[in-house]
Amino acid sequence: MLRYLSLLLVALAAAGATAASYALSAWWWCAAGPLLALTGLGCRCPVRRRGAVPRVSPPAGRPHGGRAVVRERAGEVDVYADGHEFLVPSLRPVEPPEEPPVVRVGGPDCRQPYDMALLNVSGMSFGALSSRAVLALNQAARLGRFAQDTGEGGLSEHHLRGGGDLVWEIGTGYFGCRTGDGGFDARVFADKAALPEVRCVSLKLSQGAAPSGGGELPGVKVSAAVARERGVPAGETVVSPPRHRVFSTPRELVLFLARMRELAGGKPVGFKLCVGSRREFLALCRAMVAEGVTPDFVVVDGSEGGTGAAPAESAGRLGMPLTEGLITVHNALVGAGLRDRIRIGASGRVATGSDIVRRLVQGADYTNAARAMMLALGCVEARRCHTGTCPAGVTTQDRSRARALDVGDRSRQVLRYQRATVRGAVRIMAAMGVREPVGLGPAHLVRRTGPTTVRSYAELYEWLEPGALLAGPPESWAADWKAADPDSFS
């Protein structure tokens, strides 16, 4: 309504300036010309059918179409810069498979394993995203046979309506399975986890956007619908606690994961974290070994941040970057003799096929993307995520703004992006002589370390042998392994 009132006022001003140019002075055309142009632009923009931004915010929508082209064509890279990385092609490439490979997620205690795609939707909650954005992502997931992580904001009707595969994320606020005092409701959890759309359950310990700091949804975005899904008051800022109430030690965490899997009917259960202390993760590995219980997957998030809504104070400054986090988790699980039971997902800064392959080389089995999926939805990076005034209808709870996002059009756009990116990754692997991710290794990725020197990841990093920590850890791991306590995170 406000934009139509603004358009009316501009049109009236244009009419007045035009009349003045005839009645008073031709100089009035200096004002009438621009006002008439703005009136014509405003009349044209609201009736456009395709493209989220032009239908809501004409000025913001204009450069969007060209930005992708500029980005694509400006992709020149300084291959001689320190830190530049490249993948190693083979003189004996192979034909890429007709269907992209998938990753079987489900350890020995899992009764309903799930085949995960190489690229999936990372955790983004209803509340952080609009209902239309959530639905569009879910429809794309169904059409493309990949998974959508719900984020910690609960299992909303918008996640379920599209029929796509879901990874239900449970955070410290236990939204969607929350007791009146903010605890974990096992009965509600079991009922919802039994839904056929829920294929995996993920316990969020921390994330790259705000490691170990909980989460916050501004009150302006807590609509009645969001409040109902989360079980919180409408209009009030929702702050997730920094840590969980249902466990306080690594051993208790491992046993809680086992309980979640049982409540979920044997579906895959895992956890998500931004790695901080290597010793703390080794304490988790010690607890797994001691109890004979393992999660089915671990999702590693990087400290680089997520969708752009990350606090500037912590993004990139708190926690390990994704590369170090992945290598740490992979090595720890290998060294503890657990890697063959647990799949690793890489979440963060994944946008292209080469990004997927790099993360697979670094220790991941599959990847998740948030920022790239938002861009595919039509995000223009206006940096208004926390204000509820997103001009693209992606991160707003304002119904008039959210209507700008055409669910059918944007779901197809996300689908095309995901398929093209995975296809690119598969072709790159084929050029490297590999048809399946399991064929990739540290020697396949090389980093420039100086003007005339390059070293592969096999040379740059230490890679543990299976069971090495149990048999007698190497000197570089011995102190952390000895200090790792399955009954204490400190």
Side-chain angles (χ1 to χ4, degrees), residues 103-116 120 123 147-156 159-160 165-206 231 240-241 243-273 281 283-300 329 333 336-345 365-366 486-487 489:
V103 179
R104 175 61 58 95
V105 177
D109 298 319
C110 175
R111 301 193 299 275
Q112 300 187 54
Y114 177 65
D115 289 336
M116 191 76 72
N120 307 276
Q148 176 189 21
D149 188 309
T150 66
E152 66 170 307
L155 190 63
S156 75
H159 288 106
L160 295 166
D165 292 346
L166 295 173
V167 177
W168 182 17
E169 183 177 300
I170 310 296
T172 55
Y174 307 115
F175 302 121
C177 54
R178 176 184 174 95
T179 62
D181 64 350
F184 175 73
D185 191 318
R187 181 186 59 80
V188 174
F189 170 80
D191 289 344
K192 291 185 177 181
L195 294 170
E197 294 86 357
V198 176
R199 307 304 297 267
C200 305
V201 178
S202 178
L203 188 69
K204 192 197 89 169
L205 305 183
S206 62
S240 301
R243 64 183 184 184
H244 282 271
R245 294 170 54 175
V246 292
F247 62 85
S248 58
T249 69
R251 192 185 305 271
E252 290 174 357
L253 166 56
V254 168
L255 293 175
F256 182 67
L257 291 169
R259 183 187 178 206
M260 289 179 69
R261 184 163 48 215
E262 192 58 35
L263 289 170
K267 292 180 179 179
V269 168
F271 61 88
K272 170 183 173 180
L273 83 165
F281 191 81
L284 281 174
C285 293
R286 277 194 174 275
M288 295 176 200
V289 172
E291 294 297 328
V293 173
T294 54
D296 300 294
F297 63 92
V298 175
V299 175
V300 182
V329 169
L333 294 176
L338 303 170
R339 185 64 175 89
D340 60 334
R341 305 173 65 174
I342 302 171
R343 298 291 173 258
I344 298 177
D365 295 295
Y366 63 91
D487 293 308
F489 281 112

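Because the structure is a prediction, the values reported are computed rather than measured.
Remark: R341 CZ to L338 CG distance equals 6.5 Å, nearest 0.5 Å. Rounding to the nearest 0.5 Å gives a distance of 8.0 Å between CG of D487 and CD of E252. Note that CE of M116 and CZ of R199 are 10.0 Å apart. Values are rounded to the nearest 0.5 Å. Once rounded to the nearest 0.5 Å, the distance linking NZ of K272 with CD of E169 reads 4.5 Å. For the atom pair CZ (R104) and OH (Y114), the distance works out to 11.0 Å, reported to the nearest 0.5 Å.
Side-chain contact between V269 and L203 is absent, with no heavy-atom pair separated by less than 4.5 Å. Residues I344 and F297 have side chains not in contact (no heavy-atom distance under 4.5 Å, counting atoms from C-beta outward). Counting heavy atoms from C-beta on, the side chains of S156 and T150 never come closer than 4.5 Å. For the pair P486 and T249, the minimum side-chain heavy-atom distance is 4.5 Å or more.
The two residues A147 and N120 make their nearest non-hydrogen contact at N-OD1, 3.0 Å. V167 and S202 make their closest contact through CG1-CB, 3.8 Å (heavy atoms, listed as atom of the first residue, atom of the second, distance). Scanning both residues, R178 and G231, for their nearest heavy atoms gives NE-O, 4.1 Å. P295 approaches G270 most closely through the heavy-atom pair CB-CA, 4.0 Å. The two residues D109 and G292 make their nearest non-hydrogen contact at OD2-O, 4.3 Å. Minimum heavy-atom separation, P113 to P268: CA-CG, 4.1 Å.
Using modelled atom types, no side-chain atom of E291 and backbone atom of A287 make a donor-acceptor pair closer than 3.5 Å. At least one donor-acceptor pair closer than 3.5 Å links the side chain of Y174 to the backbone N or O of R245. Side-chain atoms of S206 never come within 3.5 Å of backbone atoms of L273 as a donor-acceptor pair (strictly under, hydrogens ignored).
Contacts of D340 classified as side-chain hydrogen bond (donor to acceptor under 3.5 Å, both in side chains), with partners at least two apart in sequence or in another chain: none. When the ring pair (Phe, Tyr, Trp, His ring centres under 6.0 Å) test is applied to F247, the partners found at least two apart in sequence or on another chain are H244.
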Pair V299-F271, side chain to side chain contact (heavy atoms under 4.5 Å, CB included): steps then yes or no = CA-CA 6 Å; V299 175; F271 61 88; over 6 Å; no
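Note on ring orientation: taking the six-membered ring where Trp is involved, the planes of F189 and F184 are tilted (angle from 30° to 60°).
Between K192 and D185 there is no salt bridge, since no side-chain N of the basic residue sits under 4.0 Å from a carboxylate O of the acidic one. Looking at E262 and R111, a side-chain N of the basic residue comes within less than 4.0 Å of a carboxylate O on the acidic one, giving a salt bridge. The existence of a salt bridge linking K204 and D149 is excluded, since no basic side-chain nitrogen approaches an acidic carboxylate oxygen closer than 4.0 Å.
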Donor-acceptor contacts under 3.5 Å from residues 253-261 side chains, at least two apart:
| from | atom 1 | to | atom 2 | distance (Å) |
| --- | --- | --- | --- | --- |
| R261 | NH1 | T294 | O | 3.0 |
| R261 | NH1 | D296 | OD1 | 3.4 |
| R261 | NH1 | D296 | OD2 | 3.0 |
| R261 | NH2 | T294 | O | 3.1 |

